[in-house]
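Comments concern the structure below.
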Amino acid sequence: MADQITRHRAALGMVHYILSGKGVYQCRGKTFRLGEREAFLICPGELIYYEADREEPWIYTWIGMQGIKVKGYLERRSGPIMWRKR
């Protein structure tokens with residue numbers, strides 16, 4: 001999936017994994033520039049913004065999670081980024 005701009009309050013818990021390209025993800029007052037083989041989390045109810053790069057837009061896949069314990073599980077993470085290339 002290649003999104004240009006998305007801004008919303010998430011209804012589901014989600015993990016987005018970037019297959020190729022790059023883009024920007026904003027969450028909790030921080031901006032992250034992400035690319036291929038990196039992933040980010042979205043907790044239910046969280047206000048988020050993400051946008052594909054104009055020159056090299058990302059293609060990603062995502063998994064949505066729903067249930068009474070999802071928000072708690074996702075909030076246990078130390079931050080909204082799951083995987084970063086090193």
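Note that these values count all heavy atoms, side chains included, but never hydrogens, waters or copies made by symmetry.
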same_hphob_cluster(Ile42, Val24) at 4.5 Å side-chain heavy-atom cutoff: no
Side chains of Tyr25 and Ile48: does their closest heavy-atom pair fall under 4.5 Å? yes
Tell me the closest heavy-atom pair linking Leu41 and Glu46, and the distance in Å. O-OE1, 4.4 Å
So which atom in Pro44 and which in Gly13 form the shortest heavy-atom distance, rounded to 0.1 Å? CG-N, 3.5 Å
Closest non-hydrogen atom pair between Ile18 and Gly35, with its separation: CB-O, 3.4 Å
Nearest 0.5 Å, what's the CD-OH distance between Gln26 and Tyr50? 13.0 Å
For residues Leu19 and Tyr60, determine if any side-chain heavy atom of one lies less than 4.5 Å from a side-chain heavy atom of the other. no
Looking at CD of Glu38 and OH of Tyr17, how far apart are the two atoms once the value is rounded to the nearest 0.5 Å? 9.0 Å
Cys43 vs Arg28 side-chain heavy atoms within contact, under 4.5 Å: yes
Closest non-hydrogen atoms of Met14 and Trp62, given as atom of the first, atom of the second and distance, are CE-CE3, 3.4 Å
Within the 4.5 Å heavy-atom criterion, are Asp53 and Arg33 side-chain neighbours or not? no
Return the CZ to SG distance between Phe40 and Cys27, rounded to the nearest 0.5 Å. 9.5 Å
Identify whether the distance between the nearest side-chain nitrogen and carboxylate oxygen of Lys22 and Glu55 falls below 4.0 Å. no
